[in-house]
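These notes concern the structure reproduced below.
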Amino acid sequence: MAQKIDQDVSRFHQILRGKVRQQLRKFMSSSELIGKQGKNLISIPVPHIEIPRFVYGENQSGVGQGEGTPGNPVGEGEGEPKAGDAPGEHLLEVEVSMQELADLLGETLELPKIQPKGDDEFESGGVKYTGIASAGPESLRHVKRTFRRALRRQIMGGTYDPRRPVIIPVKEDRVYRSWSQKKQKKNKAVILYMLDVSGSMGGEQKEIVRLTAFWIDTWIRSQYQGVEVRYIIHDAVAREVDREAFFHTRESGGTIISSAYKLLLNILHEHYDPSQWNIYPFHFSDGDNWSGNDTEECTKLLHEQIMPVSNVFCYGQVESEYGSGQFLRDLEARFKDDERLLMAKIPSRDGIPDAIKVFLGKGK
Amino acid sequence: MKKRPPTHHKQFQTQLGPELAELKKEIQGYAQEYGLDFYDVIFEVLDWKQLHEVAAYGGFPNRYPHWRFGMEYEELMKSYSYGLSKIYEMVINNDPCYAYLLYSNGIVDQKLVMAHVYGHCDFFKNNLYFAHTNRKMMDEMANHRTRIMRYVERYGYEAVESFIDTCLSLDSLIDYHAPTIRRRAQERQDIADDGDSQIHKLRASRPYLEKYVNPAEFLAEERKHLEEEAKKEQQFPENPERDVMLFLAEHAPIERWQRDVLSILREEAYYFAPQGMTKVMNEGWASYWHSKIMTTRALTDAEVIDYADHHSGTMAMSPQRLNPYKIGIELLRDIEDRWNKGKFGKEYEECTDMVKKKNWDLKLGKGREKIFEVRRLYNDVNFIDEFLTPEFCAEHKFFVYSYNVSADQYELASREFEKIKKSLLFQLTNYGRPIMEVVDGNYKNRGELLLRQMHEGVDLRIDWAQSTMENLFKVWQRPVNVQTILDGVPKILTFDGHSHSESRS
């Protein structure tokens with residue numbers, strides 16, 4: 001049953017969403033958010049909204065009841081108020097749909113809508129009763145229209161008696177509802193994440209990748225109806241893994257980036273026809289490649305095979321203690337003005353929003 | 001083919017079913033037998049969503065739209081569905097009283113709630129501090145909604161909402177005793193310029209006695225007094241004004257609709273104030289009576305366990321939180337016992353033999369009479385002040401806790417009676433809020449507002465004070481100053497519309 005309070009509740013949610021919007025950049029670098037993801041909804045913790053009044057300060061004394069002698073602790077204090085991002089005591093959670101979160105993201109980072117490529121596919125989205133037909137099953141008979149037609153016929157034929165208004169429809173009067181198939185556009189996309197899991201990538205670097213990937217997923221999923229995600233990890237060799245392994249595997253070997261690119265191409269050839277699919281490869285690494293030769297090979301693969309089939313190819317370089325960051329410089333030297341290859345440096349969590357802006361800001 | 005009937009929203013039946021109606025009659029009978037005196041009580045049975053809706057609205061089904069009701073509703077719903085809390089009873093001070101029952105409650109609970117409700121209704125009707133409350137508040141609240149909706153239509157939702165937010169921030173700035181104490185003169189006679197003629201002279205029966213009856217010093221004193229009065233007149237406000245909301249409504253340069261919204265919120269604040277001032281007594285009184293009625297009359301044998309479970313759940317105390325239900329009921333029982341046995345008065349107080357004192361029994365039997373008197377005349381502050389005894393505090397293991405900065409924890413500080421009493425009274429005075437009053441509406445002769453905190457040893461929470469001052473500024477539209485004490489230093493806080501500053505006063 002509809003309640004009066006619904007209006008106030010939805011207004012309250014609107015206010016909370018406003019708060020989320022204000023602080024989205026902050027949320028983007030916090031891991032907390034991702035843990036709370038459901039299927040279509042995500043709950044975002046926001047500070048309790050309170051109406052300020054003149055009140056006494058915290059940590060007052062008071063009266064309690066129970067056992068104990070002077071000096072016994074009875075409860076924890078509020079603590080010294082710490083400045084900065086420490087969450088307040090009362091947290092509210094606002095539930096936002098993934099679509100809405102994507103909209104907020106797009107708004108905050110001013111992301112353009114993606115122009116999909118590939119053929120539009122038509123697909124059935126159920127049926128809708130919109131039309132009228134003169135034949136059909138009795139269960140779909142349109143009673144009102146049938147009656148109207150019968151009435152009209154009887155009036156015209158002069159058999160209608162207003163004093164005894166009996167209307168008897170005959171076969172010709174009967175009309176039936178008819179349906180049409182709904183058609184929907186559908187564009188497919190595949191996101192392929194590649195991650196360098198060599199020894200030099202630490203926990204914090206992976207966390208950055210995880211956060212960045214979350215926001216990329218959120219945005220790309222909001223732009224396409226069917227999105228598939230594949231995960232590739234590599235050190236000196238590459239292999240395809242599931243999501244869980246992707247973010248948690250840690251190897252100690254060296255790094256040969258071209259191995260990942262080759263595997264990527266294999267997967268693309270086997271499963272994803274570039275004329276049907278929008279292809280988004282993302283590669284994250286700390287920028288340390290085994291050798292210049294391999295880098296040479298990478299650029300070749302990129303230029304000749306990967307970039308022509310991809311919407312964009314994105315390379316995100318996270319900074320680690322050990323990484324030299326050479327790979328980014330090499331790519332920059334080679335592809336500086338190529339719009340199909342987007343590069344971003346993510347020095348820390350705070351760099352995530354800017355990296356996403358670079359990757360998704362082209363609207364491709 | 002048959003046409004389907006139009007779908008009705010199936011309205012939930014909110015009247016009492018036959019079983020509950022029977023129960024109501026029964027419980028009401030017991031309450032009357034015990035001498036409780038109340039307006040008619042209308043019980044409504046609500047499902048949990050409806051009950052929480054009404055609870056979020058403060059008990060009234062018709063309130064103006066505001067997001068905080070939605071927030072409240074969500075919190076209640078969440079806490080209920082996680083099993084953290086449950087609203088047992090809700091009752092509205094109105095004639096007739098409205099009370100709400102939760103549909104899914106068992107019959108024992110319904111009985112308990114009904115008995116409790118009759119206690120509250122008796123208290124509403126008879127306690128002195130409720131004497132001035134609007135007994136047609138149900139209608140008044142609906143009326144407030146209509147007025148505010150009209151402004152929403154005319155000035156837009158956001159404008160009205162934002163002004164309500166502002167006013168809510170100030171709604172504790174009322175004079176809690178204003179309905180019972182006249183603080184300002186109703187009308188003022190204009191004082192003529194001719195000073196001497198106004199000086200009050202004593203009547204001398206013979207002209208020659210004049211200089212003895214009204215000596216020069218006396219006249220001088222009178223003149224001085226008059227001058228002071230005149231000077232006071234020029235002050236604005238004449239006397240410090242605790243009803244800050246009224247002061248703003250009368251003098252702030254706001255639009256008419258804003259003035260009306262302000263006065264609506266002020267009226268609601270005054271309506272709810274006595275409930276805040278008598279929380280301990282009111283809950284104590286209702287609990288006393290539900291316990292009395294249930295255990296002596298209404299309970300069947302099969303219901304005793306469930307009743308005991310729920311009753312003790314309501315009365316539970318935790319180390320850091322005083323349960324008003326518990327203190328109230330115990331203190332009332334203590335009073336009843338003392339007046340039954342004559343444990344009061346000079347002779348008892350001055351008795352030093354503790355054994356004799358403990359076994360003191362004059363068999364007066366005045367307990368019941370006394371507690372009825374107490375429920376008529378007292379509020380929480382003077383209730384505690386007058387009836388809290390060292391024996392009571394010891395028996396119930398009361399203590400004072402305080403905050404230990406170095407350990408960041410609250411610690412048990414003392415079990416001394418005087419300290420407990422002082423701390424309790426402080427918690428209850430002015431609803432546990434700082435007392436603020438308008439001292440000057442033309443501060444610095446620049447139309448600025450000066451409020452003064454009656455500092456009782458506890459400082460204001462500064463960030464909230466600043467936000468509240470920003471809201472005051474929105475209404476007063478000139479700089480706002482608050483005279484207070486921070487860390488022992490007298491300070492004046494100022495908000496000039498752009499930034500906050502602090503200066504020594």
Side-chain angles (χ1 to χ4, degrees), chain A residues 1-16 18 46 48-81 83 88 90 92-95 138-144 146-147 169 174, chain B residues 1 3 9-10 12 49-50 53 56-57 61 65-71 73-74 165 168-173 317-322 396-404 407-415 420 423-424 427 432-434 436 453 458-462 464-465 467-468 471:
Chain A
M1 199 176 74
Q3 290 177 289
K4 235 182 248 134
I5 198 109
D6 292 344
Q7 191 194 350
D8 295 331
V9 172
S10 69
R11 174 65 185 152
F12 169 58
H13 285 170
Q14 207 181 332
I15 290 171
L16 286 185
V46 291
H48 194 88
I49 311 180
E50 276 172 303
I51 294 166
R53 293 191 168 89
F54 285 116
V55 293
Y56 291 122
E58 304 290 340
N59 295 328
Q60 306 170 35
S61 58
V63 176
Q65 192 196 31
E67 306 290 343
T69 49
N72 287 10
V74 293
E76 278 180 24
E78 314 278 348
E80 290 290 309
H90 303 286
L92 294 170
E93 299 216 322
V94 56
E95 292 204 321
E138 287 304 304
S139 59
L140 288 179
R141 190 175 58 197
H142 196 304
V143 179
K144 206 171 185 176
T146 303
F147 177 84
R174 295 188 183 171
Chain B
M1 193 176 134
K3 198 172 177 186
H9 278 290
K10 203 177 170 203
F12 200 83
K49 283 187 177 169
Q50 293 169 315
E53 176 180 17
Y57 281 137
H66 192 260
W67 57 266
R68 80 176 191 286
F69 300 129
M71 176 169 81
Y73 178 72
E74 279 229 323
D165 287 353
L168 280 173
S169 171
L170 311 175
D171 76 353
S172 62
L173 302 177
M317 292 274 272
S318 66
Q320 224 188 110
R321 195 182 64 91
L322 273 189
H396 291 279
K397 297 177 181 156
F398 284 0
F399 58 75
V400 179
Y401 59 78
S402 62
Y403 178 65
N404 181 336
D408 186 26
Q409 66 183 9
Y410 289 100
E411 289 177 356
L412 199 157
S414 167
R415 288 190 183 274
I420 292 168
S423 177
L424 255 182
Q427 271 177 331
R433 294 226 170 90
M436 312 289 293
Q453 181 202 358
V458 183
D459 293 353
L460 292 176
R461 182 174 156 180
I462 200 75
W464 278 42
S467 309
T468 312
N471 285 326

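Just so it is clear, the model here is predicted, and its values are computed rather than measured.
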Which portion of B:A413 sits near chain A, non-hydrogen atoms under 4.5 angstrom: backbone
Nearest heavy-atom pair of A:P52 and B:S169: which atoms, and what distance? O-OG, 2.7 Å
Are the side chain of A:R53 and the backbone of B:L173 linked by a donor-acceptor contact shorter than 3.5 Å? no
Partner residues of B:Y73 under the ring pair (Phe, Tyr, Trp, His ring centres under 6.0 Å) criterion, sequence neighbours left out: none
Just by distance, do the side chain of B:R68 and the backbone of A:E50 share a donor-acceptor pair under 3.5 Å? no
Using every non-hydrogen atom in the two residues, find where B:R415 and A:G68 come nearest and quote the distance to one decimal. NH2-O, 2.9 Å
Contact leader toward chain A among B:G70, B:P434, B:P65, where contacts are heavy-atom pairs under 4.5 Å: B:P434
Please rank A:I51, A:I5, A:V9 by heavy-atom pairs under 4.5 Å with chain B and give me the top one. A:I5
Taking B:L170, B:N471, B:D171, B:I462 one by one, which has the highest count of heavy-atom pairs under 4.5 Å against chain A? B:D171
Taking every non-hydrogen atom, the tightest pair across A:E67 and B:F399: O-CE2, 4.4 Å
Hey, are the side chains of B:Q427 and A:Y56 touching, using non-hydrogen atoms and a 4.5 Å cut-off? no
Strictly distance-based, threshold 3.5 Å: is any side-chain N or O of B:E53 a donor or acceptor partner for the main-chain N or O of A:K4? yes
Checking heavy atoms, do the side chain of A:S10, its backbone, both or neither come under 4.5 Å from chain B? neither
Interface moiety of B:N404 toward chain A, non-hydrogen atoms closer than 4.5 Å: neither
May I ask you to decide if B:H66's main-chain N or O and A:D8's side chain share a donor-acceptor pair within less than 3.5 Å? yes
Would you name the heavy atoms of A:F12 and B:W67 that are closest together and state the gap between them? CB-O, 3.8 Å
Measure the spacing between CG of B:D165 and CD1 of A:I49 and express it to the nearest 0.5 Å. 9.5 Å
